[in-house]
There are 2 protein chains.
Amino acid sequence: MKRVKKQIFHDYIAKQGLKSTRQRDIILEAFLSSERHLSIEELYLKLRAKHPNIGYATVYRTLKLFADSGIAREMQFGDGQTRYEHVGEGEHHDHLVCTGCGTIIEFENETIETLQNEVAAAHGFLIKTHKLELYGLCARCQR
Amino acid sequence: MKRVKKQIFHDYIAKQGLKSTRQRDIILEAFLSSERHLSIEELYLKLRAKHPNIGYATVYRTLKLFADSGIAREMQFGDGQTRYEHVGEGEHHDHLVCTGCGTIIEFENETIETLQNEVAAAHGFLIKTHKLELYGLCARCQR
DNA sequence: GTAATTGCAAAGTATTTGCATTCCA
DNA sequence: TGGAATGCAAATACTTTGCAATTAC
């Protein structure tokens with residue numbers, strides 16, 4: 001999976017006439033070996049440990065490239081921090097967000113997706129993406 | 001409806017030992033007679049026309065009060081602008097957002113809500129709120 | 001009268017941009 | 001070599017905060 005995504009990214013870079021750089025590789029490796037929902041700051045801090053000379057701007061720019069190449073997706077959970085999540089081929093899932101501890105759980109539900117498309121069709125919309133987030137307390141935080 | 005919400009807000013203000021001010025009334029009136037999904041800037045500009053001396057900070061603070069009182073809800077559609085929408089009693093709805101022209105259409109679907117609760121229950125979550133947004137092109141923008 | 005509210009400007013966040021220097025193809 | 005990428009600092013966009021003056025109860 002990691003290998004595949006690296007390949008996808010490098011192909012994208014090449015096709016766009018962009019350059020493969022040491023920083024991009026470092027950031028890619030760090031991103032791919034991180035948890036699935038990473039804020040930019042988290043990634044930056046993680047990188048800084050080993051590569052103190054990588055700039056914040058480079059992390060921002062590189063994450064946008066990841067999103068453009070299709071290996072990552074930009075997310076907002078309303079806490080004012082942009083997060084990026086890994087994207088697999090044609091994969092889509094939604095989120096359960098614990099407002100207590102911040103845990104994010106992914107889920108998929110085909111019936112919901114089908115109903116969404118029906119709603120959209122009823123309004124003449126052509127859906128490109130969607131976002132479904134359920135906010136509440138996870139089992140642990142309910143205690 | 002407008003009358004009811006004004007009442008709710010005034011009751012809230014009174015119960016909290018806060019004060020009813022000219023500015024709050026002006027902002028409330030402007031908010032209630034606006035479209036349902038209003039960015040703070042839109043409301044501020046609208047107000048400025050008739051009341052050039054109302055400050056941005058007051059608008060921010062007052063909108064938060066509206067949300068606290070239950071007559072408005074804070075929303076984020078990922079464009080970096082916070083919006084507030086009107087909230088009716090116990091009402092909830094989701095959104096179809098046209099990425100072409102920015103139109104926002106509201107909808108409700110009980111079956112989807114039920115499925116959401118099932119998903120949450122399966123993960124031991126207690127849901128407090130949720131956000132479902134479908135992004136795509138409206139009928140007009142598809143042409 | 002007193003505590004809350006206002007309006008302004010300054011301070012915070014999160015993110016983007018300009019630019020000289022460095023690096024890759 | 002030449003255009004792209006980097007790292008820094010400055011700029012931007014949105015929102016919050018501090019504070020003296022004002023206002024509501």
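Fair warning: this is a prediction, and the values are worked out from it, not measured in the lab.
A ring-centre distance under 6.0 Å is not found for Tyr84(A) and Phe66(A). Between His86(A) and Phe31(A), the ring centre distance stays below 6.0 Å.
The environment of CZ in Arg140(B) is sparse: at most 12 heavy-atom neighbours from other residues, nucleotides or ligands sit within 6.0 Å. Summarising the local packing, NZ of Lys50(A) is surrounded by 12 or fewer heavy atoms from other residues, nucleotides or ligands at distances under 6.0 Å.
You'll find the side chain of Phe107(B) stays beyond 4.5 Å of the side chain of His93(B), heavy atoms only.
Across Lys6(B), Lys5(B), Arg3(B), a single residue satisfies salt bridge (charged side-chain N to carboxylate O under 4.0 Å, His left out) together with Glu29(B), and that is Lys6(B).
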What does the list of N/O pairs under 3.5 Å between the protein and nucleotides 20-24 of chain C look like, with a distance for each?
unit_1, atom_1, unit_2, atom_2, d
dC24(C), O3', Ser20(A), O, 3.3
dC24(C), O2, Lys19(A), NZ, 3.2

Extract from the structure each pairing of a protein N or O with an N or O of nucleotides 8-14 of chain D at less than 3.5 Å, listing the distance.
unit_1, atom_1, unit_2, atom_2, d
dC14(D), OP1, Gln81(B), OE1, 3.1

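Following rounding to the nearest Å, Gln76(A) (CD) and dT15(D) (P) show an atom-to-atom distance of 12 Å. Arg24(A) places its CZ atom 9 Å from the C1' atom of dT6(D), with the value rounded to the nearest Å. Here dA4(C) presents its P atom at 19 Å from CG of Asp25(B), a figure rounded to the nearest Å. As rounded to whole Å, 14 Å separates atom C1' of dT6(D) from atom CD1 of Ile13(A). Protein atom CG of Leu63(B) is 10 Å distant from nucleotide atom P of dT16(D), rounded to whole Å. Going from atom NE2 of His10(B) over to atom P of dA24(D) covers 12 Å, rounded to whole Å. If you measure from atom OH of Tyr44(A) to atom C1' of dG7(D), you get 10 Å, rounded to the nearest angstrom. For Ile27(B) and dT5(C), the CD1 to C1' distance is 11 Å, given to the nearest whole Å.
Of all the heavy atoms in Ser20(B) and Ile13(B), the pair that sits closest is N-CG2, 4.0 Å.
Salt bridge present: Arg73(B) and Glu85(B) bring a charged side-chain N and a carboxylate O closer than 4.0 Å.
When atom types are taken as modelled, the side chain of His51(A) and the backbone of Leu47(A) share no donor-acceptor pair closer than 3.5 angstrom. Within the 3.5 Å criterion, the main-chain N or O of Gly124(A) finds a donor-acceptor partner in the side chain of Gln142(B). Ser69(B) places no side-chain N or O within donor-acceptor distance of the main-chain N or O of Phe9(B), the cut-off being under 3.5 Å.
Inter-axis angle, ends of the helix from dG1(C)-dC25(D) to dA25(C)-dT1(D), five pairs per end, rounded to 10 degrees: 30°.
In terms of phosphate contacts, Lys64(B) brings a side-chain nitrogen or oxygen within less than 4.0 Å of OP1 or OP2 of dT16(D).
When the nearest nucleotides of DNA chain D are assigned to Gly17(A) and Thr58(A) by heavy-atom distance, the more 5′-ward of the two goes with Gly17(A).
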